[in-house]
Amino acid sequence: MTLPDFIIAGAQKCGTTSLYQYLTQNRNIVPAKKKEVHFFDIHYPRGLSWYKEKFPLNQRRKNRGFITGEASPYYLFHPHAAERAAQTLPQAKIIILLRNPVDRAFSHYHHQIRHGKETLSFEEAVHQEESRLHMERRKMLRDKSYNSNNYWRYSYLARGVYADQLKRWMTHFPSHQIMVIRSEDFYKNTNKILKKLTHFLGIPPHTPKQSKPYKSGSYEPMNPKTRQSLIQYFRPHNARLYKLLGRNMNWDQ
């Protein structure tokens, strides 16, 4: 068994499932036993041996040019995942997908609705988010072994404040080991993004079998007033992200 060469660290509802499916069609990538291992967020107390068991790639095959990796989109948002990953996988390549945070929040909300974990309207869920998360966030920072269902489920807006999350990963990994992809670019130009990614990972490119990214479901459009309110909410956070990355994601309209 060996440890992964790359991690898709997030963000949730930004296309990580599609991306992992496309990447693992490449003959040079051996997938983990399942896409989302969740070691550095939820299962860290299980220990490194447990994590290694999730990767079938042995050293002999690795030396022949094969790599392996996983995709756990909670890693980006989890307060301790970046530090844990850096301690365990200091040479790993980190891939991060970022989607317009307004669209990401609405998709996240409907994911929770589909799984029976949310009963509030979207507007009410957003309004109550801070009260749902505040004490949970403090508990997680105080106790690294504490896992919070609320922090996982109801972080509709918080997960879209990307600048703070990226800074954690950039603190623990050098910039040449991190690739940030705009989800909208991935959806629109899948083959182009995959070519850049395989170059980043140091393996030959490939043409995926599927022609369109995986989509998890459909739902009614967001109330236009709610959308405008959230665009204004995220505007300063997006500005910090654009400055951090040195590029404009064009999410403020």
Side-chain angles (χ1 to χ4, degrees), residues 4-26 28-29 31-32 35-36 40 67-78 81-82 85 89 91-108 111 159-216 234 237-252:
D5 303 278
F6 71 90
I7 291 175
I8 301 175
Q12 184 203 38
K13 310 308 296 180
C14 293
T16 61
T17 297
S18 295
L19 180 59
Y20 193 72
Q21 288 178 350
Y22 284 138
L23 281 178
T24 53
Q25 289 178 25
N26 190 306
N28 296 96
I29 297 178
K35 174 213 168 194
E36 298 187 18
F40 297 112
I67 63 172
T68 189
E70 59 131 327
S72 297
Y74 189 33
Y75 285 167
L76 181 65
F77 186 57
H78 193 278
L89 309 171
Q91 304 303 318
K93 299 291 181 67
I94 308 300
I95 301 165
I96 296 170
L97 277 164
L98 299 180
R99 178 184 183 185
N100 183 321
V102 178
D103 297 327
R104 196 223 67 82
F106 202 45
S107 179
H108 181 178
H111 176 88
R159 289 197 196 221
V161 182
Y162 299 131
D164 296 339
Q165 299 165 60
L166 274 176
K167 282 180 181 178
R168 282 200 297 266
W169 285 85
M170 291 177 171
T171 296
H172 294 288
F173 287 89
S175 59
H176 69 270
Q177 287 178 227
I178 300 176
M179 184 171 183
V180 177
I181 300 166
R182 183 175 175 268
S183 296
E184 292 83 359
D185 295 334
F186 170 56
Y187 299 146
K188 185 177 180 179
N189 299 298
T190 303
N191 288 341
K192 181 179 179 180
I193 295 299
L194 286 175
K195 187 174 182 179
K196 290 182 177 180
L197 262 175
T198 51
H199 178 76
F200 173 66
L201 294 173
I203 58 173
H206 73 293
T207 301
K209 297 177 183 178
Q210 298 154 288
S211 60
K212 293 183 179 180
Y214 166 85
K215 293 185 179 180
S216 59
F234 281 115
H237 299 301
N238 289 342
R240 292 191 297 117
L241 175 70
Y242 303 162
K243 183 177 181 180
L244 181 65
L245 295 177
R247 57 173 156 147
N248 190 324
M249 299 292 209
N250 296 312
W251 290 332
D252 302 311

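For this chain, numbers begin at 1 and follow the sequence in order.
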Which pair of heavy atoms, one from [X] and one from [Y], lies closest together, and at what distance?
X    : Y    : result
I95  : F6   : CD1-CD1, 4.1 Å
L89  : P4   : CD1-CG, 3.7 Å
Y20  : A71  : CD1-CB, 3.9 Å
V102 : F234 : CG2-CD1, 3.8 Å
M170 : L245 : CE-CD2, 3.9 Å
E70  : K35  : CB-O, 3.6 Å

Taking side chain as C-beta onward, heavy atoms only, is [X] less than 4.5 Å from [Y]?
X    : Y    : value
I181 : L98  : no
L244 : Y162 : no
P205 : L194 : no
T190 : L19  : no
I67  : N28  : no
S107 : R99  : yes
M179 : I96  : no
I29  : I203 : yes

Using 30° and 60° as the class boundaries, would you call the ring planes of W251 and Y242 parallel, tilted or perpendicular?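 Plane angle between 30° and 60°, so tilted.
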For this session: Indicate the ring-plane relationship of F173 and W169, choosing parallel, tilted or perpendicular according to the 30° and 60° boundaries.
Result: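 Ring orientation, 0 to 90° scale: parallel.
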Any sub-3.5 Å donor-acceptor pair from R168's side-chain atoms to A81's backbone N or O?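 Side chain of R168 to backbone of A81, a donor-acceptor pair under 3.5 Å: no, none is there.
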Check your understanding: Can any side-chain N or O of S183 pair as donor or acceptor with the backbone N or O of C14 at less than 3.5 Å?
Key ->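 Yes.
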Non-neighbouring partners of A163 that pass side chain to side chain contact (heavy atoms under 4.5 Å, CB included), sequence neighbours left out
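Expected list: R240, L241.
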Hey, could you give me the [atom1]/[atom2] distance between [X] and [Y], rounded to the nearest 0.5 Å?
X   : Y    : atom1 : atom2 : answer
I8  : E36  : CD1   : CD    : 10.0 Å
Q12 : T17  : CD    : OG1   : 9.5 Å
I7  : Q177 : CD1   : CD    : 11.0 Å

Would you please test R104 and N100 for side chain to side chain contact (heavy atoms under 4.5 Å, CB included) and show each step?
-> CA-CA 6 Å; R104 196 223 67 82; N100 183 321; over 6 Å; no
Between R159 and Q165, do the side chains contain a donor N or O and an acceptor N or O under 3.5 Å apart?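 Their side chains do not contain a donor-acceptor pair, so the 3.5 Å distance test is not met.
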*What pairs with H206 under ring pair (Phe, Tyr, Trp, His ring centres under 6.0 Å), at least two apart in sequence or on another chain?*
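H206 satisfies ring pair (Phe, Tyr, Trp, His ring centres under 6.0 Å) with no other residue.
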